[in-house]
K.L.:
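Attaching a single structure in structure tokens format; questions to follow.
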Amino acid sequence: MEPLTRTPLEVEEETTGDLGARHMVVNFGPQHPATHGTLRNIIELDGEKILKLDSEIGFLHSGFEKISEYRSYNQSVVVSDRMNYLSPLNNNIALAQAVEEMMGIQVTPRCAAIRVVLAELSRIADHIIVVGLQGMDLGAFSVMLWTFIEREKLYDIFENVTGARLTTSYTRIGGLMRDVPKDFEEMIRAVMGRLESTVREVEYMLDENPIFVNRTRGVGALSAQESISFGLTGPILRAAGVPYDIRKVRPYLGYEQYEFEVPTEKEGDCYARYRVRCREMIQSLKIIDQALKKMPSGPVGVSDPRIVIPVKNEENRPSGGMEGLIYHFKNFMHGHGVRPPKGEVYVPTEAPNGELGYYLISDGTERPYRWRVRGPSFYNYQAFARLCEGHMLSDTVAILSSLNIIAGELDR
Amino acid sequence: MVTKDVLYKLVVFLATVGIAVGLVPIMTIVERRVAAFIQNRWGPNRVGPWGLLQPVADGIKAFFKEEFVPARADRLLHFIAPMLVFVPPAIGFAVIPWGNQIGSVKLQAVNLNIGVLFMMSVLSIAVYGLAIGGWASNNKWSLLGGLRASAQLISYELTLGLAILVAIMMAESVDPQVIVAKQTRGILSWNVFGGGNLLALPCGLLGILLLYTAALAENNRLPFDLPECEQELVGGYHTEYSSMKFAMFFMGEYVAMVNMSAIVTMLYLGGWYFPGITNPADHSWLGGILSVGVFMAKTFAILFVYVWIRWTFPRFKYNQLMNLGWKGLLPLSLANVALLAVVGVFTGGKP
């Protein structure tokens, strides 16, 4: 390697022959404290003003989609929760929804209700962190730590239910890994009151804080028309005034039975996104309350031993009855188990940061032919360069945290 | 007895340096514990009783870190910058009277009759440290931090100067001893309450507000910590500093904070005087120690507000900072000085 004898500045001076009126080019990431994840942005600055911003992605590419083509459908649930590490349960549920739709399975009412509760809890866990991070990136560090406490409480619930805090892998095709623990409702009720007061506290802290409002109002604003043409979804689109929510537009898991509003704001700027997230958390709490009130009893898995492994009891205990042993065994044998019919399916669900859709092509075997994810981060991140145009350097962090880009989902 | 006087002077001088530098570790632990309290967590509580030895551990860690100088950095300037940040605030502490006199010894390292002016001139040196540190690191983020720091400090120095001028006008002196002495005639004689003239009360209140806001900006504290904001500029001007050089920047910030709080106390809050606790005519040992205690209590109250603000507010944007400084605070502080002058004329030439 050639020893470093000249600074980049000198090299640039030699090539351009001019060290006078020039713009500064800085690397914003991939190693930068404000890029939550490994995102790289090359920013051309005129003083503090951004002239041009180039985003480069792929630093966290993990080949999730390709990996899943070599796994059975139930095995790739494990892959799905590694993608969006702020809301893994939503990813688990979205995958199960897609495969079930392809196979024409109707999950049991109890399973659907549990999935709804967990999806909404996961949505709150995501939103509360994003709201905290929005504060932190503007310097209000305490807000982030207050919200992190609440997420810990939610993670405790996830751990009790699924056995893991982050890598939940809770859904199975046609059901769940197991039923929820007996004190499921008490656990959630205990956290719900706290959550609401924390959301109110954060609102009290930031809503009318002149510095916060000045830093976010009009920053990174996008019109409804433009948002749609960028393919933005989720809170970002709703902040621009479009009441588009998959839970309302194309209800799944019986979302049509629950009463809730789709909060929208008009401005489409960072402040509007913050407001939408805060209001959505309150709506999610309403949904959880309703779902817990009428939580049906019964099994969580469909009663089809070819899809869901049967309950282990006296009759079909693997060590007992031969018949039971065979059913258990067949579920995991090559060429058996969950095998959707030939065809393809795209099933969208409402993940915390936008429309999360699974596009699956089945060739009739137990492994997908193609496993493709429409991760909301990928589409939302496209707008980043446009949003930063003409703003100051300080605004990039405000905009980036308001978009809620998860690098794992962005690069997959 | 010349030798005795010199000895006394030396003791007071060393004590002053000790206070200025010794308050830094106390302040770091206070800051971290208060921050932890605000954020519902424990903070450092493992090293020593209640975590009180944490600053010592921090210091030892800083010593053992590798001292890194980036390739192609200007080594000399890179070396000088932290000193330029650390030393001026420590020198500025020399003219602050931090207690009533004991016997004939005044608790002030240097009894300078132009003390306030000396302090202002010394404090304005610190900006060079930040600008040079940012430039010498050969790093674009550091450079941006240094640029922001120099622009911010120069802008807010005007407001700072005008807010100090209000106190000088009230006391009609630039001698710290005189300024404090004039505020020892009851609580209403404090400059924050108009320095004994109730008509000047609004000037005093506005003055301390302006002084404190400018002080926050001068010390690069939230909501004005743009030069070193982690989320935007990685570490700002001290991105490329490690080991004791970084510790010097860090301590420099805290010494400047302590110094600024002492200035606010001295100029507006009556210095070491508090009615009922300290008596200006009492030159005994007990009175002296009580007066030092009062001064420290006031200084720490102001430092606490620093910490409180830091962990509550978001930070400004660069252009908003400049707008506030030039379009908001500067006209306001000019108007304040003019108002005080008018009040002074109408109340017999003595504001």
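Protein chains get the first letters and strands the later ones, always in sequence-line order, with residue 1 at the start of each. Hydrogens, waters and symmetry mates play no part in the numbers below; they use all other heavy atoms, side chains included.
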K.L.:
For a quick test of reading the model, state the closest non-hydrogen atom pair linking A/Val26 to B/Trp141 and the distance between them.
P.N.:
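Shortest heavy-atom separation between A/Val26 and B/Trp141 comes out as CG2-CH2, 3.9 Å.
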
K.L.:
Quick one: does B/Gln320's side chain have a donor or acceptor within less than 3.5 Å of a partner on A/Asn214's backbone?
P.N.:
yes

K.L.:
Would you call B/Leu144 and A/Leu45 a side-chain contact if the rule is heavy atoms closer than 4.5 Å?
P.N.:
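A side-chain contact under 4.5 Å exists here.
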
K.L.:
Check the surroundings of atom CZ in B/Phe300: do more than 12 heavy atoms from other residues, nucleotides or ligands lie under 6.0 Å from it?
P.N.:
yes

K.L.:
How close do B/Ile38 and A/Trp146 get, counting heavy atoms only, and between which atoms?
P.N.:
O-NE1, 3.0 Å

K.L.:
Within the 4.5 Å heavy-atom criterion, are A/Met392 and B/Asn319 side-chain neighbours or not?
P.N.:
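They are in contact (side-chain heavy atoms under 4.5 Å apart), so the answer is yes.
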
K.L.:
Heavy atoms, side chains only, cut-off 4.5 Å: are B/Gln39 and A/Met144 in contact?
P.N.:
no

K.L.:
Pick one of side chain, backbone, both or neither for A/Met205, based on which atoms fall under 4.5 Å of a heavy atom in chain B.
P.N.:
side chain

K.L.:
Could you list all the salt bridge (charged side-chain N to carboxylate O under 4.0 Å, His left out) pairs where at least one residue sits in residues 389-409 of chain A, not counting sequence neighbours?
P.N.:
A/Asp395-B/Lys317

K.L.:
Would you indicate whether the side-chain heavy atoms of B/Arg315 and A/Ile211 approach each other to under 4.5 Å?
P.N.:
no

K.L.:
Give, for atom CG of A/Asn209 and atom CZ of B/Phe313, the distance between the pair rounded to the nearest 0.5 Å.
P.N.:
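If we round to the nearest 0.5 Å, A/Asn209:CG and B/Phe313:CZ are 6.0 Å apart.
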
K.L.:
Examine the side chains of A/Ser142 and B/Arg310 and answer whether a donor and an acceptor come within less than 3.5 Å of each other.
P.N.:
no

K.L.:
What part of A/Val213 is in contact with chain B, defined as an atom under 4.5 angstrom from a non-hydrogen atom: side chain, backbone, both or neither?
P.N.:
neither

K.L.:
Counting only heavy atoms not in A/Arg189, do more than 12 fall under 6.0 Å of its CZ?
P.N.:
yes

